[in-house]
Q: 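This is the structure, below, for whatever I ask next.
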Amino acid sequence: MTIVHRVPIIDIAAYIQPTASAADKTKVIQAVKEACSQYGFLQVKGHGVPLEAQQSVLQCCKTLFDLPQDQKDALSLKTSPARRGYERIGSQVLDAKALPDCKEGYYVGREVAPDNVGFMRGPNQWPNLPEPVFHEPVTAYWQHMLSLGQALLEMLAIGLGHDVSTLRDFTKEPVMNLKLLHYPPHLSRDERQFGAGAHTDFGSITILLQQPGKHGLQVFYAPTQEWLSVPALENVFVVNMGDLIHKWTDGEYNSTLHRVINASDGDRYSVPCFYQGDLNATNPFKPGAGDETVEEHIRRKFDSSYGLSAK
Ligand SMILES: O=C(O)CCC(=O)C(=O)O
Ligand SMILES: [Fe+2]
């Protein structure tokens with residue numbers, strides 16, 4: 001019998017609901033742990049993020065990327081020390097063996113005053129759109145991701161046998177950035193062209209919202225050397241482990257290669273949320289081990305993917 005491998009869908013409602021029994025919470029945590037070890041990826045439902053908030057942020061993608069090119073270029077992330085703002089199609093090379101990615105993107109994170117600027121810290125570059133059209137739905141979605149990110153990290157920590165309190169420094173003032181993404185229709189016949197080249201994510205965890213029905217994400221499953229397609233399902237988030245969690249758990253939670261080829265006829269929008277963590281934190285699971293900080297790790301990985309020198 002052939003075994004079909006697929007990224008599991010896990011209902012995490014029992015962890016989030018205060019009234020759920022301890023036994024049900026344990027079951028969810030165990031299922032999450034197994035998915036993180038085997039695939040490095042899971043899909044979550046029962047997450048508590050309102051569907052309208054998801055639909056609104058996807059609409060924000062369309063509104064933003066429909067703006068004239070010069071208005072988008074005026075928000076370029078390359079001029080922002082906080083690494084917030086817009087990148088043109090072809091700006092990022094996620095896989096050095098492939099062509100530059102066929103996607104445009106826009107990073108937005110916690111709003112920080114201009115006098116508190118630093119790496120991934122500082123003001124956002126908001127487009128010239130009415131606040132209820134862009135700023136407000138994006139900010140509301142960011143808040144939902146912060147709560148879901150916290151819950152997921154707790155599940156990961158408990159699954160490894162730690163108390164939730166071990167996450168205190170790491171989740172104190174976490175850097176967590178949304179990336180609004182637009183993949184135009186995939187027209188190239190060049191095998192080296194991807195929407196997003198094969199890569200692992202840099203940070204701790206990524207919570208990805210795919211536009212429902214717009215498939216395109218593929219995850220590498222090393223035991224069988226297969227690329228597994230992860231369908232774009234409504235009200236289901238894709239969650240994956242980043243390089244920090246991989247390193248900090250000695251690979252027990254796997255940071256897995258993935259890539260995107262827009263498999264739909266038209267445009268594809270998606271919104272990954274990169275939960276990096278508090279920049280000053282080190283490995284919460286091995287305090288005092290002398291690891292590099294979150295900032296040192298992220299700066300190295302992020303800047304090299306854009307050809308930026310570390311500042
Ligand atoms: O757009 C997607 O489905 C995934 C994007 C992704 O992997 C990334 O931006 O790191
Ligand atoms: Fe990714």
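Every value quoted in this text rests on a predicted model; they were computed, and no experiment measured them. Each ligand, and each atom within it, is numbered from 1 in the order the structure gives.
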Q: For Asp70, does the CG atom have more than 12 heavy-atom neighbours from other residues, nucleotides or ligands under 6.0 Å away?
A: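 Buried by this count: over 12 neighbours within 6.0 Å.
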Q: With hydrogens left out, which residues have an atom under 4.0 Å from ligand 1, given that only heavy atoms count?
A: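 Lining ligand 1: Leu181, Tyr183, His199, Asp201, Leu208, His258, Val260, Arg268, Ser270, Pro272, Phe274.
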Q: Pick from Glu104, Lys103, His199: which one makes a side chain to side chain donor-acceptor pair (under 3.5 Å) with Gln92?
A: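 Single side chain to side chain donor-acceptor pair (under 3.5 Å) partner of Gln92 among Glu104, Lys103, His199: Lys103.
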Q: Could you go through the ring-ring contact (aromatic ring centres under 6.0 Å, His included) check for Phe285 and Tyr253 one step at a time?
A: CA-CA 12 Å; Phe285 307 129; Tyr253 290 162; 7.6 Å; no
Q: Under the side chain to side chain donor-acceptor pair (under 3.5 Å) test against Arg268, which residue among Gln211, Gln210, His186 passes?
A: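 One option only clears the test, and that one is Gln210.
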Q: Going by the rule ring pair (Phe, Tyr, Trp, His ring centres under 6.0 Å), which residues pair with Tyr15 if we only count those two or more places apart in sequence or in a different chain?
A: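 With sequence neighbours excluded, Tyr15 shows a ring pair (Phe, Tyr, Trp, His ring centres under 6.0 Å) to no residue whatsoever.
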Q: Against Thr200, only a single residue in Asp243, Leu94, Asn240 fulfils side chain to side chain contact (heavy atoms under 4.5 Å, CB included); can you say which?
A: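 By the side chain to side chain contact (heavy atoms under 4.5 Å, CB included) criterion, Thr200 pairs with just one of Asp243, Leu94, Asn240: Asp243.
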Q: Tell me if the CG atom of Asp190 is crowded by more than 12 foreign heavy atoms within 6.0 Å.
A: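 Correct, the count exceeds 12.
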Q: Within a radius below 2.8 Å of the Fe ion (ligand 2), how many protein N, O or S atoms are present?
A: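 Considering protein N, O and S only, the Fe ion (ligand 2) has 3 within range.
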Q: Could you walk me through whether Glu154 and Lys25 pass the salt bridge (Lys or Arg N to Asp or Glu O under 4.0 Å) test, one step at a time?
A: CA-CA 12 Å; Glu154 288 177 14; Lys25 284 192 200 300; over 6 Å; no
Q: Determine all donor-acceptor pairs shorter than 3.5 Å in which one atom belongs to a side chain in residues 6-13; sequence neighbours excluded.
A:
| unit_1 | atom_1 | unit_2 | atom_2 | d |
| --- | --- | --- | --- | --- |
| Asp11 | OD1 | Ala13 | N | 3.0 |

